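Counting starts at 1 for both ligands and their atoms, following the listed order. Remember, it's a predicted structure, so these values are computed and weren't measured experimentally. Hydrogens, waters and symmetry mates play no part in the numbers below; they use all other heavy atoms, side chains included.
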Amino acid sequence: MARITLRQLLDHAAEHSYGVPAFNINNMEQGLAIMEAADAVDAPVIIQASRGARAYANDIVLKHLIDALAEMYPHIPICMHQDHGNNEATCATAIQFGFTSVMMDGSLKADGKTPADYGYNVAVTRAVVDMAHWVGASVEGELGVLGSLETGMGEKEDGHGFEGKLGHDQLLTDPDQAVDFVKATQVDALAIAMGTSHGAYKFTRRPDGDVLAMHVIEEIHQRLPNTHLVMHGSSSVPQDLQDVINQYGGEMPQTWGVPVEEIQRGIKHGVRKINIDTDNRMAMTGAIRKVFAESPGEFDPRKYLKPAMDAMRAVCRQRFEEFGTAGWAGKIRPLPMTAMAKRYAAGELAPKIGVTRQAAE
Ligand code: G3H
Ligand code: 13P
Ligand code: ZN
């Protein structure tokens, strides 16, 4: 079965200059939609579950769901990733339930609300890296706090996200500190803050460089050309999905997400993992609203969950194509976590800092 670690998948993506969308799941319908899209275009997959998703779906259900998806699609490498782990225990139990990768989000304290200081972030991330690498799992860290440069506010998802207002010093990752962070923690991938936030309400206008600071990605990539960068809050919040929801009784105020062209620009500068949840939530909600509005007598969940899956599959497929992920699944030979553990122990996977990509190879 084709379970893959984040590190192996992103190393491949970097070698071939593509990005991989990381789609959040909470249930079977979302899992099937992602896999059908991946199968249609031969794309490797990152599926991620938040703490909220694990609580909602149950760890045992999720574990068997991922096993089932891997058995159905043995030719598609699947990375199962913990999204926004808040402490060591969340990350350890994710690995226990079959995840091949974890995010230790030490930008916030364990309550998921309080911005943490740099020392705390380094220490907790390093502790998770040591534990995960012993068993071959990958670790994503985060430096800088996700939130809007327009308002200084974070968008809370299921209790995760800071409260109050922050300044640009905390909302933008410092490139020099990023070098120190990767060196000190040995993370496999680095999530950075540059103006994106979770949820649908990211920008009050089509974003420009003042509110979506893509130049920060470019500066970090220059200093860390061998580090895989991660963009959170990267739903594009497409106008057509907003329109469908509102046409069928929804009340979403006009909003803007991260344009796909900006993500593509990021992929040219080291972005390898792109987190997307909201677009899929919106696609499913629009399709369900349409069925409810057009067939108010309908009460068989399959009659609205099937269109919801169709709508989500279309979004996933589009992102696989837009990020260049399509066509690579069959070319990857996933290594078991035990083999990755040996590579870490041998020092083969330590971050290459201050070396250009070519010189590093
Ligand atoms: O981290 C953000 C994702 O959209 C997950 O959201 O915590 O509501 O599952 P959630
Ligand atoms: P969106 O809310 O933009 O989809 O971001 C999801 C995310 O970053 C999950 O970690
Ligand atoms: Zn996120």
Exercise. Would you call Asp180-Lys183 a salt bridge at under 4.0 Å N-O?
Worked result: no
Problem set entry | Asp111 bridged to Lys109 by N-O distance under 4.0 Å | no
Exercise. Would you call Lys273 and Glu142 a salt bridge, using N to O less than 4.0 angstrom?
Worked result: no
Problem set entry | Per-atom contacts, ligand 2 versus Ile276 - under 4.0 Å to a heavy atom | 4 (O)
Exercise. Does the distance from a Lys or Arg side-chain N to an Asp or Glu carboxylate O, for Glu218 and Lys268, drop under 4.0 Å?
Worked result: no
Seminar exercise, completed: Checking heavy atoms under 4.0 Å, the part of Asp83 that sits near ligand 1 is side chain
Exercise. Of all the N, O or S atoms in His232, which one sits nearest to the Zn ion (ligand 3)?
Worked result: ND1
Exercise. Looking only at distance, does Gly199 have an N or O less than 3.5 Å from an N or O of ligand 2?
Worked result: yes
For this session: Could you name the option among Arg281, Gln48, His84 that has the heavy atom nearest to atom 8 (O) of ligand 1?
Result: Arg281
Problem set entry | Contacting atoms of ligand 1, where contact means under 4.0 angstrom from a heavy atom of Asp277 | 3 (C), 4 (O), 5 (C), 6 (O)
For this session: Any atoms of ligand 1 less than 4.0 Å from a non-hydrogen atom of Asn24? List them with their elements.
Result: 3 (C), 5 (C)
Exercise. Do His269 and His215 have side-chain atoms, one donor and one acceptor, less than 3.5 Å apart?
Worked result: no
For this session: Given side-chain hydrogen bond (donor to acceptor under 3.5 Å, both in side chains), test Gln242 with Asn246 step by step and report yes or no.
Result: CA-CA 6 Å; Gln242 295 183 49; Asn246 288 334; 5.5 Å; no
Exercise. For ligand 1, is any non-hydrogen atom under 4.0 Å from Arg54's backbone (N, CA, C, O), its side chain (CB onward), both, or neither?
Worked result: neither
For this session: Just go through Asp277, Asn280, Leu146, Asn24 and tell me whose heavy atom is the nearest to atom 4 (O) of ligand 2.
Result: Asp277
Problem set entry | Geometric N/O contact Thr278 with ligand 2, under 3.5 angstrom | yes
Exercise. Does the side chain of Thr204 pick up a donor-acceptor pair with the side chain of Glu150 at under 3.5 Å?
Worked result: yes
Exercise. What part of Ala22, side chain, backbone, both or neither, has a heavy atom within less than 4.0 angstrom of ligand 2?
Worked result: neither
Exercise. Does the side chain of Glu140 pick up a donor-acceptor pair with the side chain of His81 at under 3.5 Å?
Worked result: yes
Exercise. If every non-hydrogen atom of Lys202 is compared with every non-hydrogen atom of Ser235, which pair is closest and at what distance?
Worked result: CE-O, 3.4 Å
For this session: Answer with yes or no whether Lys202 contacts ligand 2, where contact means a heavy atom under 4.0 Å from a ligand atom.
Result: yes
For this session: Rounded to the nearest 10 degrees, what's the angle NE2 of His198 makes with NE2 of His84 at the Zn ion (ligand 3)? Could you check?
Result: 100°
Problem set entry | ligand 2 to Ser235 polar contact by distance, N or O atoms, under 3.5 Å | yes
Problem set entry | Backbone or side-chain N or O of Ser50 under 3.5 Å from ligand 1 N or O | yes
Problem set entry | Minimum-distance pair of heavy atoms, taken over all atoms of Ile76 and Ala43 | CG2-O, 3.3 Å
For this session: Give the numbers and elements of all ligand 2 atoms closer than 4.0 Å to a heavy atom of His84.
Result: 10 (O)
Exercise. Looking at Gly233, which atoms of ligand 2 are within less than 4.0 Å of one of its heavy atoms?
Worked result: 1 (P), 3 (O), 5 (O), 7 (C), 8 (O)
Seminar exercise, completed: Taking only non-hydrogen atoms of His232 and a 4.0 Å limit, the atoms of ligand 2 in range are 8 (O), 10 (O)
Exercise. Does a side chain donor of either His228 or Asp11 reach within less than 3.5 Å of an acceptor in the other side chain?
Worked result: yes
